[in-house]
Chemist: 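Take a look at the following structure, please.
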Amino acid sequence: MAHKPLIITCAIVGAEIMKEDFEHLPVTPDELASSAHEAVKAGASIIHLHVRDENGKPSQRKDIFETVTKKIKKLCNPIIQYSTGGAVGTPVDERCAPLSLKPDMATLSMGTMNFGTEVFENTEDIIKKISNEIQKNNVMPELEIFDYGMLDTAFRFLGKVLIPDKFHMDFVLGVPGGAGGDVRNLVHLVDRLPENQTWTVAGVGRHQLPLTTVAIAMGGNVRVGFEDNIYYHKGETAKSNAQLVERIARIAGEFKRPVASSDEARQILGL
Ligand code: KMH
Ligand code: ZN
């Protein structure tokens, strides 16, 4: 696996943690753009994007995605990947709203699950609707796999051409309600992928560091950032998304895996 470029995704903010609970969380368009820029300088080639409204609440408003995207693009040129997951309970039309801006990539969650104490709803109808909107706008999907059965759903949908030929895959492990962050879960999931399928792992909380390190050793790609984890060490929060990117880039260096530039990542993913 040595010398295989490593694609680092940075999920700079999600829909769950609030600024009141974590002061370093970027939420305004300027904060999001600057955090993305710092993460890119540290080695991220994909920015997984959620946005917040004027009150700091998670939002799928197209105008905010547009503003933040423009601000990021003024500073740097990462692959920009919009969330279509939004927050738990966001109606599907709202989840799809920013797709008409035609980002490079967008997420497509592959099943309904308990998400902590709530339910993240992705019925087959919802998956089909989001997948249609993704395809209509010529966007590359990243299939979000939170649990084993979601991989089966992905394979089943692929067979029926409901998902475009070119897609990337992301295993999000450690969400309470989904597959846990045990590295054996990752190994088992990756083992089921066809050869040449590109994949990334995102580990929630304390699972981020071990899962991403194992993914580097396995030849996969990694996602870090405040959406999934705000800690640098147990009990010590990170100060920036860039700090988490820097750490994983440094570890990749030890494995002789160079960090992919955005252009290299585009080539690897076939964008
Ligand atoms: N916020 C989660 C409920 C995605 O970005 O597509 C869903 C999520 C997945 O964050
Ligand atoms: Zn997300």
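Source: prediction; values computed, not measured. Read the numbers this way: they start at 1 and go in the same order the structure lists the ligands and their atoms.
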Chemist: Would you sort out whether Glu38 and Ser34 count as a side-chain hydrogen bond (donor to acceptor under 3.5 Å, both in side chains), showing the intermediate values?
Modeler: CA-CA 6 Å; Glu38 295 292 313; Ser34 137; 5.3 Å; no
Chemist: Can a donor-acceptor pair be found between the side chains of His48 and Thr107 at a distance below 3.5 Å?
Modeler: no
Chemist: Specify whether Phe65 and Tyr82 have parallel, tilted or perpendicular ring planes, treating 30° as the upper limit for parallel and 60° as the lower limit for perpendicular.
Modeler: tilted
Chemist: Rounded to the nearest 0.5 Å, what separates atom NZ in Lys71 from atom CD in Glu66?
Modeler: 12.5 Å
Chemist: Check ring pair (Phe, Tyr, Trp, His ring centres under 6.0 Å) between Phe22 and all other residues, then give those that pass, not counting sequence neighbours.
Modeler: His24, Phe226
Chemist: Under 2.8 Å from the Zn ion (ligand 2), which protein N/O/S atoms are there?
Modeler: His48 NE2, His50 NE2, Glu227 OE1, Glu227 OE2
Chemist: At what distance, to the nearest 0.5 angstrom, does OG1 of Thr84 lie from CD of Glu94?
Modeler: 13.0 Å
Chemist: If I take atom CD1 from residue Ile268 and atom OG1 from residue Thr198, how far apart are they, to the nearest 0.5 angstrom?
Modeler: 9.0 Å
Chemist: For the residue pair Asn241 and Ser35, confirm or rule out a side-chain donor-acceptor distance under 3.5 Å.
Modeler: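 Result is yes, a qualifying pair exists.
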Chemist: Does anything in residues 5-22 pair up under side chain to side chain donor-acceptor pair (under 3.5 Å), and if so which pairs, sequence neighbours excluded?
Modeler: Lys19-Glu31
Chemist: Distances only, to 0.1 Å: what are the N or O pairs between ligand 1 and the protein that fall under 3.5 Å?
Modeler:
{"from": "ligand 1", "atom 1": "1 (N)", "to": "Glu16", "atom 2": "OE2", "distance (Å)": "2.8"}
{"from": "ligand 1", "atom 1": "1 (N)", "to": "Gly86", "atom 2": "O", "distance (Å)": "2.8"}
{"from": "ligand 1", "atom 1": "5 (O)", "to": "His48", "atom 2": "NE2", "distance (Å)": "3.2"}
{"from": "ligand 1", "atom 1": "5 (O)", "to": "His50", "atom 2": "NE2", "distance (Å)": "3.1"}
{"from": "ligand 1", "atom 1": "5 (O)", "to": "Ser83", "atom 2": "OG", "distance (Å)": "2.7"}
{"from": "ligand 1", "atom 1": "6 (O)", "to": "Ser83", "atom 2": "OG", "distance (Å)": "3.4"}
{"from": "ligand 1", "atom 1": "6 (O)", "to": "Gly85", "atom 2": "N", "distance (Å)": "3.2"}
{"from": "ligand 1", "atom 1": "6 (O)", "to": "Thr107", "atom 2": "OG1", "distance (Å)": "2.6"}
{"from": "ligand 1", "atom 1": "10 (O)", "to": "His50", "atom 2": "NE2", "distance (Å)": "3.3"}
{"from": "ligand 1", "atom 1": "10 (O)", "to": "Glu227", "atom 2": "OE2", "distance (Å)": "2.9"}

